[in-house]
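Only heavy atoms go into these numbers, but all of them, side chains included; no hydrogens, no water, no symmetry mates. Order of the sequence lines sets the chain letters (A, B, ...), proteins ahead of strands, with each chain counted from 1. Fair warning: this is a prediction, and the values are worked out from it, not measured in the lab.
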Number of protein chains: 8
Amino acid sequence: MHELLELLRNAGIPPEEALEMLNSQLTSQLGFARVDTGRGVRAVLPEIILGPGKEFEEVRAVTGNLFSRIGLAIVSRVEVELGEYLLKAFPDGSYYRRGRIFTLGSDKADHRESEGSVAVISSGISDLHAAEDSAVILERMNVDINRFYDIGVAGIHRLGDILPDLRKCSVCIVCAGMDAALPTVIGGLFKGPIVAVPASTGYGTAFKGVTALLSMLNSCSPGICVMNIDNGLGAAAAALRILRGSY
Amino acid sequence: MHELLELLRNAGIPPEEALEMLNSQLTSQLGFARVDTGRGVRAVLPEIILGPGKEFEEVRAVTGNLFSRIGLAIVSRVEVELGEYLLKAFPDGSYYRRGRIFTLGSDKADHRESEGSVAVISSGISDLHAAEDSAVILERMNVDINRFYDIGVAGIHRLGDILPDLRKCSVCIVCAGMDAALPTVIGGLFKGPIVAVPASTGYGTAFKGVTALLSMLNSCSPGICVMNIDNGLGAAAAALRILRGSY
Amino acid sequence: MHELLELLRNAGIPPEEALEMLNSQLTSQLGFARVDTGRGVRAVLPEIILGPGKEFEEVRAVTGNLFSRIGLAIVSRVEVELGEYLLKAFPDGSYYRRGRIFTLGSDKADHRESEGSVAVISSGISDLHAAEDSAVILERMNVDINRFYDIGVAGIHRLGDILPDLRKCSVCIVCAGMDAALPTVIGGLFKGPIVAVPASTGYGTAFKGVTALLSMLNSCSPGICVMNIDNGLGAAAAALRILRGSY
Amino acid sequence: MHELLELLRNAGIPPEEALEMLNSQLTSQLGFARVDTGRGVRAVLPEIILGPGKEFEEVRAVTGNLFSRIGLAIVSRVEVELGEYLLKAFPDGSYYRRGRIFTLGSDKADHRESEGSVAVISSGISDLHAAEDSAVILERMNVDINRFYDIGVAGIHRLGDILPDLRKCSVCIVCAGMDAALPTVIGGLFKGPIVAVPASTGYGTAFKGVTALLSMLNSCSPGICVMNIDNGLGAAAAALRILRGSY
Amino acid sequence: MHELLELLRNAGIPPEEALEMLNSQLTSQLGFARVDTGRGVRAVLPEIILGPGKEFEEVRAVTGNLFSRIGLAIVSRVEVELGEYLLKAFPDGSYYRRGRIFTLGSDKADHRESEGSVAVISSGISDLHAAEDSAVILERMNVDINRFYDIGVAGIHRLGDILPDLRKCSVCIVCAGMDAALPTVIGGLFKGPIVAVPASTGYGTAFKGVTALLSMLNSCSPGICVMNIDNGLGAAAAALRILRGSY
Amino acid sequence: MHELLELLRNAGIPPEEALEMLNSQLTSQLGFARVDTGRGVRAVLPEIILGPGKEFEEVRAVTGNLFSRIGLAIVSRVEVELGEYLLKAFPDGSYYRRGRIFTLGSDKADHRESEGSVAVISSGISDLHAAEDSAVILERMNVDINRFYDIGVAGIHRLGDILPDLRKCSVCIVCAGMDAALPTVIGGLFKGPIVAVPASTGYGTAFKGVTALLSMLNSCSPGICVMNIDNGLGAAAAALRILRGSY
Amino acid sequence: MHELLELLRNAGIPPEEALEMLNSQLTSQLGFARVDTGRGVRAVLPEIILGPGKEFEEVRAVTGNLFSRIGLAIVSRVEVELGEYLLKAFPDGSYYRRGRIFTLGSDKADHRESEGSVAVISSGISDLHAAEDSAVILERMNVDINRFYDIGVAGIHRLGDILPDLRKCSVCIVCAGMDAALPTVIGGLFKGPIVAVPASTGYGTAFKGVTALLSMLNSCSPGICVMNIDNGLGAAAAALRILRGSY
Amino acid sequence: MHELLELLRNAGIPPEEALEMLNSQLTSQLGFARVDTGRGVRAVLPEIILGPGKEFEEVRAVTGNLFSRIGLAIVSRVEVELGEYLLKAFPDGSYYRRGRIFTLGSDKADHRESEGSVAVISSGISDLHAAEDSAVILERMNVDINRFYDIGVAGIHRLGDILPDLRKCSVCIVCAGMDAALPTVIGGLFKGPIVAVPASTGYGTAFKGVTALLSMLNSCSPGICVMNIDNGLGAAAAALRILRGSY
């Protein structure tokens with residue numbers, strides 16, 4: 001066994017991770033689901049439970065299992081009915097209606113001192129669902145965040161107000177719908193990493209966020225990183241990858 | 001006949017137009033095409049000859065016919081080979097390579113004194129084909145134009161340079177590709193009518209101008225008018241409609 | 001400060017606008033939203049509140065704030081439930097079910113004497129939601145409008161009835177769904193500016209207005225300006241840009 | 001055998017067709033292709049050879065085989081190079097550059113006396129390739145046709161000129177690109193069957209004929225039949241189905 | 001006036017139609033709608049009232065108006081709630097749940113003796129909504145129809161059962177969803193005109209009928225006419241155009 | 001008759017199938033539906049009843065008819081309400097909520113001894129609806145199956161756990177949504193036939209399974225067979241085709 | 001090391017494969033490419049070299065390297081110019097113009113005795129490129145194949161001719177373009193596994209094979225496996241997976 | 001002036017940038033282009049010249065102008081003909097055929113000591129154009145890079161070879177086409193920031209990189225940042241944003 005671990009280390013896999021790979025005990029088998037409780041060891045985020053497509057009881061069971069093992073369970077895309085169900089099941093949890101997230105517990109480690117902070121920007125009130133999806137998850141991961149909401153391009157002087165504070169942040173998450181011009185404008189004023197989240201705001205040819213996505217992918221400001229539509233969770237993960245690095 | 005004209009006038013159709021409607025002599029029959037030489041009487045623009053899909057000789061015949069009757073022939077979407085062919089056939093004409101237009105003659109009337117002027121803006125050099133399509137046609141229609149080229153959003157201070165001159169124009173045509181953020185920004189700084197032309201600039205998800213079109217249709221600045229991709233000609237016609245009005 | 005204003009004026013920005021740009025007091029901070037109360041000074045329309053994606057109380061708060069400052073609040077895309085909520089909150093307001101608009105107050109200035117009027121045309125009863133979206137907003141902006149509803153191409157003689165009145169208008173807004181042939185036909189009979197609004201009418205390959213949009217963008221009549229699907233509000237703004245110009 | 005034929009006739013299949021179905025001799029096996037020489041017996045059109053995707057020699061072999069058996073071979077989508085190759089191989093054939101068709105021989109039967117005629121209409125010169133595709137095939141099938149070319153909606157009085165002749169036809173084929181408003185207008189003036197062919201004319205959002213197709217499928221005039229883009233051949237077949245009926 | 005009519009007749013417009021064109025009395029103005037009561041004189045179908053997008057009372061008013069003038073009112077796309085409302089308002093009417101049609105009265109003329117009949121075919125029970133849309137309208141127009149339902153390609157022998165009866169019909173309407181292979185197969189067995197209606201049956205990549213539409217447009221059997229998705233009404237109109245011709 | 005059968009056998013059709021083809025008694029005519037009770041003789045699966053688009057009573061009638069004749073009725077895409085209705089009508093049946101299937105009876109033949117088994121894999125709990133659609137149908141067809149659920153690529157060591165058991169299976173069905181990377185990874189570890197079912201899991205650019213479908217069609221592992229989105233039924237049929245072969 | 005192998009075997013990975021996984025010598029490093037020469041040990045097909053996107057010399061180098069190690073190199077998507085270049089470089093190789101494949105050597109093992117055969121069917125001559133892509137690769141893999149070409153649905157009796165031979169095959173590959181009705185028809189007559197390859201044949205709404213793909217994914221015959229457009233290679237791999245199984 | 005700068009600094013804009021904003025001298029006006037030579041002061045990358053859509057002489061002029069001012073000119077999307085033209089014009093420049101980049105000079109600053117390095121990974125040789133686009137630009141910006149090419153998922157052990165070196169990098173750029181499964185797999189093994197570039201590799205439903213883009217946007221590994229198709233340049237800019245931060 002030791003020999004194996006040596007061999008694996010030569011292949012660049014650290015022992016603790018190798019152990020985990022082979023140790024199937026870590027994978028707690030719930031019958032209908034294999035909860036990946038060990039993911040936190042090697043991954044950016046603990047396993048996030050996707051709400052839709054599961055029975056309520058299944059969500060409850062997975063949530064309880066995750067929390068009991070790693071002290072933090074996050075359920076995303078939680079509509080009101082499921083949110084209230086979970087609140088009843090776990091009175092210590094929190095349900096965020098706008099961000100459609102339920103959380104129970106929080107990350108044990110706290111690196112806020114040593115890390116930079118994350119700016120979470122939305123271009124309008126209608127994009128808040130995506131922004132709050134990012135913000136709440138980062139808070140649970142003990143990241144220092146700074147919310148800048150309702151910063152549209154049409155009233156561009158609003159952006160001036162926040163520029164000094166924005167430039168103190170290490171990473172910038174921008175949520176915008178419709179023509180999504182905001183990341184392009186911020187991209188010209190902020191030199192650090194920018195993660196853009198297209199919001200499913202608008203109607204007609206907004207195509208539920210597809211236009212915002214395409215606009216962001218073709219931004220005139222180079223180096224804008226783009227996420228799936230309404231994927232605030234993914235933006236939070238990207239920010240964590242940048243803040244906490246590859247080691 | 002007089003009675004008929006009276007009747008038609010009661011229906012709101014002026015006599016000269018009624019005459020034209022019934023007078024098939026005006027329609028000069030070339031065998032393969034019915035050139036609409038009378039269109040200038042009631043329409044915004046004289047008939048524009050679309051280059052693609054016609055044999056070279058056909059383009060030449062229609063061009064000559066239009067010019068001999070109304071003194072102005074415009075051929076659009078003219079690739080280099082056809083442009084050179086037409087130049088040989090009509091040495092007095094002009095071929096504009098970037099705008100892909102061939103013109104012979106010009107509008108007889110000159111209202112430049114009494115009319116406002118048109119700003120023609122491009123966000124980059126790669127969008128010039130659409131901008132020149134508008135500019136050349138407006139020049140042939142004796143409109144006073146003002147070119148503002150290479151005014152990208154990424155270098156937003158360039159826009160500041162042109163703002164005073166831009167605000168003196170009555171209509172603004174904006175050509176932009178990629179994420180087409182320029183019309184949104186101009187829309188916040190210029191209160192007059194804005195005609196946006198998506199340019200087929202960019203690659204990948206620029207989708208040959210579709211992304212720019214969608215972005216313009218969803219602009220955060222309200223009241224931006226949108227044209228077909230690369231349709232500088234249409235933008236020129238829209239500007240004429242606005243400048244010369246409905247009478 | 002004076003020096004700064006001078007400098008800005010040299011850059012083409014009038015003093016009052018410069019003041020506003022730097023004066024963050026104008027931006028009334030409601031916590032979740034930065035209401036752009038100063039927009040009317042330099043923009044075509046006052047800020048329009050988009051109904052969807054906001055909590056009812058948020059819409060109420062922003063509506064009240066806007067009205068108390070500039071005397072006019074317009075909420076768009078207001079479904080019946082929200083409309084009734086707002087009517088209860090602001091008994092002096094008006095809720096337009098078809099146009100899905102709630103308005104409170106109206107524009108203070110009245111230029112109806114000096115301005116031209118706007119024709120608002122719909123091709124069928126099913127397109128009225130878009131037409132009324134334009135018509136109500138223009139009325140609140142004190143524009144003289146003329147409604148021509150249910151003017152389909154299939155019964156083309158209906159168009160003849162309205163032609164004399166239509167030709168007296170300065171701008172023409174045309175709302176049409178399905179194959180959207182109406183703007184093309186009007187484009188041949190009306191020389192002034194035409195703003196076309198594709199309506200999400202029809203089924204199957206009508207694709208919720210996309211076919212109407214594409215048809216309008218490819219109109220055989222040159223110079224038709226196109227808006228986003230069902231965007232009557234945008235058409236109203238475009239008409240205002242044309243009527244009230246760039247100064 | 002006789003018994004079998006009886007049985008098949010009871011199932012509604014006429015004896016001669018039943019014979020053909022079982023008689024594999026009719027299927028002349030060329031090695032790489034099974035030419036369907038018997039198709040004329042029961043089908044609307046004899047087999048049409050699609051030019052693209054075949055080697056030149058293959059097209060020549062199939063053409064010769066078809067002609068030698070049924071006296072008529074039609075090759076469609078023939079680009080210039082292949083057209084010249086076929087003309088050299090079959091000097092008695094005809095190559096139609098605009099319609100991209102090569103024909104050798106013609107239908108033996110001539111019902112022109114007893115049948116109605118077909119109107120073939122194009123909205124512009126750029127749509128002629130589709131119209132000629134229909135026209136040439138109908139001519140080879142001995143159908144009486146009437147060409148009405150360059151009848152755009154923009155110059156709607158051109159349509160008036162042709163209305164009396166158009167109304168004498170039994171079927172109307174309309175080829176149009178861009179916004180394809182022509183079939184809708186004709187649909188209101190002509191009560192007989194209309195077959196609409198979207199043409200791949202235009203640029204940008206014309207999407208190579210898709211916009212014309214969608215517009216036709218959503219025509220406000222009810223009962224317009226639609227074909228694939230540029231499918232003049234299909235329109236000819238539809239006209240034959242209508243003219244020659246189901247017996 | 002007489003002179004005018006002479007003149008119009010020379011242009012190919014029969015006097016009665018000319019009268020109607022100029023006679024605006026025929027257009028009964030209901031305030032919100034211009035009911036086109038005269039359409040039956042020159043059109044294939046009387047005006048069909050589209051249910052969606054109208055208030056219930058509006059549908060009732062237009063229905064009553066049409067019926068009182070021409071004796072036949074047809075409302076399409078009628079969901080159950082509206083259907084029951086109309087039944088209560090017009091107890092003599094009929095509501096067809098599957099075809100989503102409400103009818104009141106019927107066509108006065110009866111040409112069933114002199115005309116051919118129409119086959120209405122569906123490939124499965126799930127496509128019946130489109131087929132019944134055609135069938136009911138044709139019945140109200142006094143056309144002799146023959147229903148052949150649930151004739152899938154998968155059980156191709158079912159087709160054999162109906163072939164003798166099918167071949168006695170003059171026109172064939174085929175409704176099919178999913179891969180829509182049925183029109184192709186019928187196209188090889190039936191020589192008369194075929195009108196194909198793609199049904200919005202299926203899931204996933206059936207894309208609500210788009211796949212069926214595309215399959216029909218690319219049918220290997222030449223001359224298949226295609227309608228909009230679920231447009232049984234249009235197919236009925238096309239059948240009427242073919243049956244009753246252009247005079 | 002004998003002669004006919006001989007003839008048909010020469011054409012490769014076995015007598016029993018020929019009999020069935022001509023024997024219309026087998027097709028039991030229910031008025032609104034032609035139930036294809038004989039399909040099991042020559043097809044891979046007995047007729048499956050598609051739930052949506054039928055009235056509840058129709059589903060009940062077809063279910064009862066099929067069961068009384070062949071002893072097995074399967075209804076697919078059964079939402080809860082219909083499921084409960086069918087359970088009440090047929091208390092011996094089973095309703096599978098996740099797979100949305102109702103079954104009554106089962107296949108008579110049992111080849112489980114002689115056949116290989118089928119692995120049914122899902123990448124997450126949210127994809128179970130597709131996987132269960134396959135699993136339940138295969139169980140009713142007496143196929144030996146092995147469920148491997150919640151085997152995501154993100155926690156790739158879970159795959160290691162199941163590899164030995166997976167390799168004992170003859171066919172592998174993989175259901176995955178989002179980026180659908182699982183079939184590619186399995187494709188590199190399992191040499192046998194793989195049938196991939198894209199699941200409509202995810203949001204935004206997951207486009208209801210279209211992204212998963214496209215990803216599977218472009219898999220780097222060669223030879224992955226792809227089904228329609230959520231088409232677990234089709235995957236079961238493909239597995240049966242592979243297991244039970246062509247004889 | 002032995003211990004490790006034991007451990008891996010417990011995880012279901014056979015020793016020879018484990019060896020290969022850890023043995024990086026097998027991966028021959030060419031500088032710009034890591035040729036996967038060991039793939040044949042555990043994969044369905046040896047590595048196939050994709051022609052496009054590589055320099056000619058690179059293709060030559062990889063081809064030579066693969067051949068020298070495993071005795072078989074296959075290059076796919078080889079246009080004529082590259083094909084001739086490779087023929088010059090490897091005079092013992094074969095270039096198949098229609099299937100656009102270059103092969104050098106062949107599989108060493110020959111299981112033709114013990115395996116079933118594969119039917120390769122094309123619906124028209126224009127689909128042969130996809131069919132030959134499958135056929136040539138299967139031949140190089142020593143699979144017994146049977147070509148059935150030009151079997152269109154329009155002339156459905158051609159299918160009858162081949163049915164007896166088709167039914168003797170173990171797997172059926174069907175290549176079809178346009179409406180791709182052929183796999184549905186074959187799916188009703190052949191009970192074994194069917195792999196459908198959409199061909200990029202046709203024009204307009206054939207959308208370069210997308211329509212054929214969609215039609216196949218929605219086939220009324222259950223259990224049709226679908227490949228990427230023109231992916232004959234993938235169909236060959238799928239056939240190999242079925243023929244040679246999972247061991 | 002000083003006062004102004006003070007004021008701007010209070011708004012968070014550093015003096016040197018404010019100076020630049022107002023100093024129009026920096027914008028060197030070339031007639032057809034306004035080269036943004038000052039961009040390097042505040043932006044992530046100096047202005048990159050897009051090759052397509054410009055005349056060769058224009059590209060040459062802008063290149064020379066940029067180089068003379070800031071010592072580094074980069075032209076992207078340079079096809080061979082333009083590359084050779086530029087090499088002749090600037091013999092000290094370098095043309096990279098695969099990455100389609102022309103560079104002249106390099107960044108003056110060298111932070112390689114203090115910064116982390118960037119891993120540039122491609123999944124196949126056919127994706128090298130995108131990877132080299134990133135790699136060359138990063139090299140010119142004096143970033144330490146590490147190329148890992150041809151690391152496909154199909155031969156997953158290749159990834160094991162590079163893992164130790166990969167984990168030493170600070171940022172990871174992954175270029176992949178087809179199903180783009182590579183970023184998902186790397187996302188599970190590398191905790192740092194990952195920038196994914198979809199490559200336009202593949203055929204048919206690869207849709208020129210759209211499938212790879214969609215797959216990346218829906219990656220099961222959270223926090224993958226996505227760029228436009230083939231946008232290696234954008235990935236380089238994103239890496240610079242992450243490495244050099246927001247100050």
Report summary line: If one checks every heavy atom of C/Phe207 against chain D at 4.5 Å, the contacting part turns out to be side chain
**Report entry** Least distance between heavy atoms, D/Ala181 atom then C/Thr184 atom
**Finding:**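 Smallest interatomic distance, heavy atoms only, reads CB-CG2, 4.5 Å.
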Query raised in the report: Hey, are the side chains of C/Cys220 and D/Asp179 touching, using non-hydrogen atoms and a 4.5 Å cut-off?
Result: yes
Query raised in the report: Among C/Leu214, C/Leu213, C/Leu217, C/Val210, which residue forms the greatest number of heavy-atom pairs with chain D at distances under 4.5 Å?
Result: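 Max contact count across the listed options: C/Leu214.
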Query raised in the report: Would the number of heavy atoms belonging to other residues, nucleotides or ligands and lying under 6.0 Å from NZ of C/Lys208 be above 12?
Result: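 Not buried by this count: 12 neighbours or fewer within 6.0 Å.
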